[in-house]
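The block underneath contains the structure these notes are about, expressed in structure tokens.
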Amino acid sequence: MACNDSRALLSGEQLIYVITVPLSTSIILANLVIILGIAWNRQLHNTTNYFFLSLLVADLCTGMALPFIPWMGLNRELSFSSCLLAHVFPNFLFLAFLFNLVMVHYERYICIVSPLHYSSLWMHRSFPLALLVVWAPPLLFASLPAFGWNNWTGPDWNSCCADSRVTPLRNCSTNGTTCCSYRRVFPNAFIYLEVYGLVLPAILTVAGMMGRVLWITRGQLKDICRLHRSVERGSHASDREQRLNLRYARCVLAVSLTFLTCWVPYIIYMHVCVAFLLSETKWSSTTHIVLSCTGIGSMAVVPLVLGLANRQYTEPAYKVLQKLRDRWRRRMQESEEIAL
């Protein structure tokens with residue numbers, strides 16, 4: 001039995017690293033490219049891009065913590081302080097990322113819905129306060145288990161490692177003071193409050209703002225086409241109108257695909273976790289690892305889609321790559337001339 005548990009643990013560790021290391025590396029590198037692009041371009045040094053820069057920093061931290069997130073669902077032998085740190089800190093980074101994402105969407109939503117009042121927003125008049133709003137509440141909420149809202153001294157945890165929902169670790173002991181599990185750190189009420197009081201409303205808010213922006217864009221596009229027809233005095237759609245409609249259709253398709261690709265996997269992972277928590281049934285470590293990695297990883301891609309789609313953010317990196325390519329071509333030409 002111990003041999004089988006060790007093999008299961010080894011395969012679980014390998015699966016975590018195989019999935020998370022490439023994904024985490026890609027997220028970190030892409031965020032660094034966009035961050036450096038904003039830092040090098042002085043024209044981008046404004047409040048709007050500062051909010052996006054804060055989001056990129058939160059996404060960068062989430063990418064760095066990604067390899068440790070699947071371990072939150074596995075039982076380990078850790079002290080009380082280490083167990084709290086292993087669960088509270090990744091949860092804080094995730095909530096900070098979510099708050100920053102909502103703030104960025106809200107700032108751009110107001111820019112489109114109410115452009116006349118855009119410059120007078122409280123977040124523009126007091127940027128440090130807005131920055132505090134998106135970082136302090138996640139820290140306070142994620143730290144609640146450290147202030148006493150936990151199950152560390154709750155039920156009998158002597159069977160924590162033996163009766164686990166996931167494959168136990170090889171160093172997992174039956175000592176109730178060292179068995180670290182997410183159930184000991186996060187009470188059920190805390191999990192429900194975070195999922196249905198913070199995470200799900202934030203996702204629905206972002207989706208609602210995106211839908212509202214697309215609806216406003218559609219109305220403005222109709223007005224443009226109507227004015228164009230009145231000027232051209234034609235009853236049929238011109239080529240310019242068709243190009244505008246095609247561009248709008250591509251925009252809707254891009255937004256829909258981004259939501260389906262980035263948000264739906266995390267929503268599935270979130271509800272599957274809550275369903276297993278309610279049913280109190282065992283589930284394999286492989287299922288937990290795959291769902292957690294794909295769910296959190298896909299959600300962390302959202303800022304990268306927003307950043308890489310803006311040429312101003314990626315222009316410095318593109319220029320560097322172009323210089324490197326030109327140098328490589330010159331060296332190849334010189335080597336060919338020497339060979340001849």
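Not measured: the values here are computed from a predicted model.
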- Message: Less than 4.5 Å apart, side chain to side chain, heavy atoms only: is that true for W135 and N100?
- Response: yes

Rounded to the nearest 0.5 Å, the CZ atom of R329 sits from the CG atom of L324 at a distance of 12.5 Å

In short, F92 meets P138 closest at the heavy-atom pair CD1-C, 3.7 Å

Pairwise side-chain contact, M299 with L101, heavy-atom cut-off 4.5 Å (strictly under) | no

Residue pairs passing the disulfide (SG to SG under 2.5 Å) test with at least one member in residues 93-128, sequence neighbours excluded, are none

Item to complete: Decide whether W263 and S298 meet the rule of one side-chain donor and one side-chain acceptor closer than 3.5 Å.
Response: no

Review point. Can you tell me if CZ on R331 sees more than 12 non-hydrogen neighbours from other groups inside 6.0 Å?
Key: no

Test side chain to side chain contact (heavy atoms under 4.5 Å, CB included), reference F94, set I69, L66, V199, T62, output is V199

ILVMFWY cluster, I267 and Y192 together (side-chain gap under 4.5 Å):
yes

**Message:** Could you tell me if R184 sits above the aromatic ring of F80, with its cationic atom closer than 6.0 Å to the ring centre and no more than 45 degrees from the axis?
**Reply:** no

Next on the checklist: Is there a side-chain contact between M64 and I27 in this structure, where contact means two heavy atoms from C-beta onward sitting under 4.5 Å apart?
Outcome noted: no

Closest non-hydrogen atoms of M123 and T47, given as atom of the first, atom of the second and distance, are O-CG2, 4.1 Å

Heavy atoms of I34 and G307 approach each other most closely as CD1-CA, 3.8 Å

| query | For Y313 and F52, what are the C-alpha separation, side-chain angles and deciding distance, and is it a ring-ring contact (aromatic ring centres under 6.0 Å, His included)? | reply | CA-CA 11 Å; Y313 297 156; F52 191 67; 5.2 Å; yes

- prompt: Distance-only, no hydrogens or angles: does the T205 side chain make a donor-acceptor pair with backbone N or O of P201 under 3.5 Å?
  reply: yes

Open item on the list: Would M210 and Y109 count as a side-chain contact (heavy atoms from CB on, under 4.5 Å) here? Give the steps.
Closed with: CA-CA 8 Å; M210 293 169 58; Y109 169 78; over 6 Å; no

- Message: Pair F186, F190 - check ring-ring contact (aromatic ring centres under 6.0 Å, His included), show working.
- Response: CA-CA 6 Å; F186 302 128; F190 180 90; 5.2 Å; yes

Next on the checklist: Within the supplied structure, the quantity of interest is the number of heavy atoms (other residues, nucleotides, ligands) at a distance under 6.0 Å from Q43 CD; does it exceed 12?
Outcome noted: no

Output for pair (F97 CZ, C61 SG), nearest 0.5 Å, gives 11.5 Å

May I have the list of side-chain donor-acceptor pairs in residues 82-89 shorter than 3.5 Å, sequence neighbours left out?
{"unit_1": "S82", "atom_1": "OG", "unit_2": "S79", "atom_2": "OG", "d": "3.1"}
{"unit_1": "H87", "atom_1": "ND1", "unit_2": "C83", "atom_2": "O", "d": "2.8"}
{"unit_1": "H87", "atom_1": "NE2", "unit_2": "M72", "atom_2": "O", "d": "3.4"}

Practice item. Determine whether L23 and V305 fall in the same hydrophobic cluster, where Ile, Leu, Val, Met, Phe, Trp and Tyr are linked whenever their side-chain heavy atoms lie under 4.5 Å apart. Key: no

Yes or no on side-chain contact (heavy atoms from CB on, under 4.5 Å) for T48 and H124, after CA distance, side-chain angles and deciding distance?
-> CA-CA 8 Å; T48 300; H124 288 270; 4.0 Å; yes

For side-chain contact (heavy atoms from CB on, under 4.5 Å), just list the numbers for L56 and L60, CA-CA rounded to whole Å, side-chain angles, deciding distance to a tenth of an Å, and then say yes or no. CA-CA 6 Å; L56 293 174; L60 177 66; over 6 Å; no

ask   = Can L53 be reached from L132 by stepping across I, L, V, M, F, W or Y side chains whose heavy atoms are under 4.5 Å apart?
value = no

| request: Indicate whether the side chain of Q312 and that of N49 have a donor and an acceptor atom separated by less than 3.5 Å. | output: no

In short, L200 meets Y196 closest at the heavy-atom pair CD2-CD2, 3.8 Å

dist F99:CZ -> F141:CZ (nearest 0.5 Å) comes out at 8.5 Å

What one should report as the nearest heavy-atom pair of P67 and P70 is O-CD, 3.7 Å

Tightest non-hydrogen contact, residues R183 and N151, listed as O-ND2, 3.2 Å

### Query
What is the ring orientation for F127 with F51, classed by angle as parallel under 30°, tilted 30 to 60°, or perpendicular over 60°?
perpendicular

Is there a side-chain contact (heavy atoms from CB on, under 4.5 Å) between R108 and I112 once you walk through the steps? CA-CA 7 Å; R108 298 187 177 184; I112 296 175; 5.6 Å; no

Practice task
Group every Ile, Leu, Val, Met, Phe, Trp and Tyr by side-chain heavy-atom contacts under 4.5 Å, then state whether I191 and L140 land in the same group.
Solution key: no

Is the number of heavy atoms from other residues, nucleotides or ligands under 6.0 Å of W122 CH2 greater than 12? yes

Q: Establish whether L131 and L93 are linked, either directly or via other cluster members, by ILVMFWY side-chain heavy-atom contacts under 4.5 Å.
A: yes

Has M209 got more than 12 heavy atoms of other residues, nucleotides or ligands less than 6.0 Å from its CE?
yes

Rounding to 0.5 Å, atoms CE (M103) and CG (L98) come to a distance of 12.0 Å

dist R327:CZ -> K323:NZ (nearest 0.5 Å) comes out at 7.5 Å

Taken to the nearest 0.5 Å, the spacing of D59 CG from N31 CG works out to 4.0 Å

